[in-house]
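Predicted model, so just to flag it, every value in this text is computed and none were measured.
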Amino acid sequence: MHEEIDWRRLAFTARMTPDAYREFCWGSQLPMVASGYGLLLGYGAADGRLVTAVLEDVEYARLLVQSPGVTVPREKITKVLSDWPNLDPEAESVWS
């Protein structure tokens with residue numbers, strides 16, 4: 001079960017190059033899937049630290065961008081990461 005996270009204000013969409021997506025999956029220990037993953041940036045309710053939620057339902061993540069204030073059900077979260085990937089296409093690494 002994932003800790004309580006406040007995701008409500010920080011949903012947005014991003015695209016990765018194929019190489020960055022492979023590196024993201026490798027670094028987060030997730031399998032590569034054709035549809036990709038949705039990422040949400042949130043705050044841990046207990047300590048306020050920034051965390052990243054990974055969602056397999058990309059369309060749901062896109063919907064959240066247009067629906068601020070929606071609480072994300074825990075069952076929608078595939079994995080919680082303690083870091084946010086670097087999505088800058090010019091970056092040397094996703095995890096820099």
Could you tell me if the side chain of Phe24 sits less than 4.5 Å from the side chain of Leu30, heavy atoms only?
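Answer yes - side chains close enough.
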More than 12 foreign heavy atoms under 6.0 Å from CD of Glu92: is that the case here?
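It does not: Glu92 CD has 12 such atoms or fewer within range.
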Decide whether Leu40 and Val58 are clustered together by the hydrophobic rule: side chain heavy atoms of Ile, Leu, Val, Met, Phe, Trp, Tyr closer than 4.5 Å, transitively.
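No, Leu40 does not connect to Val58 through the hydrophobic network.
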How close do [X] and [Y] get, heavy atom to heavy atom, and via which atoms?
X: Gly38; Y: Ala61; answer: CA-CB, 3.8 Å
X: Leu39; Y: Pro85; answer: CD1-CG, 3.8 Å
X: Glu56; Y: Tyr37; answer: CG-CE2, 3.8 Å
X: Tyr21; Y: Pro31; answer: OH-O, 4.2 Å

Distance, nearest 0.5 Å, that separates CG of Leu41 from CG of Leu81:
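Leu41 atom CG to Leu81 atom CG measures 11.0 Å (nearest 0.5 Å).
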Going by the rule side chain to side chain donor-acceptor pair (under 3.5 Å), which residues pair with Glu59 if we only count those two or more places apart in sequence or in a different chain?
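By the side chain to side chain donor-acceptor pair (under 3.5 Å) rule, Glu59 matches Arg62.
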How would you list all residue pairs meeting side-chain hydrogen bond (donor to acceptor under 3.5 Å, both in side chains) that involve residues 22-33, not counting sequence neighbours?
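For residues 22-33: Asp19-Arg22, Glu23-Ser93.
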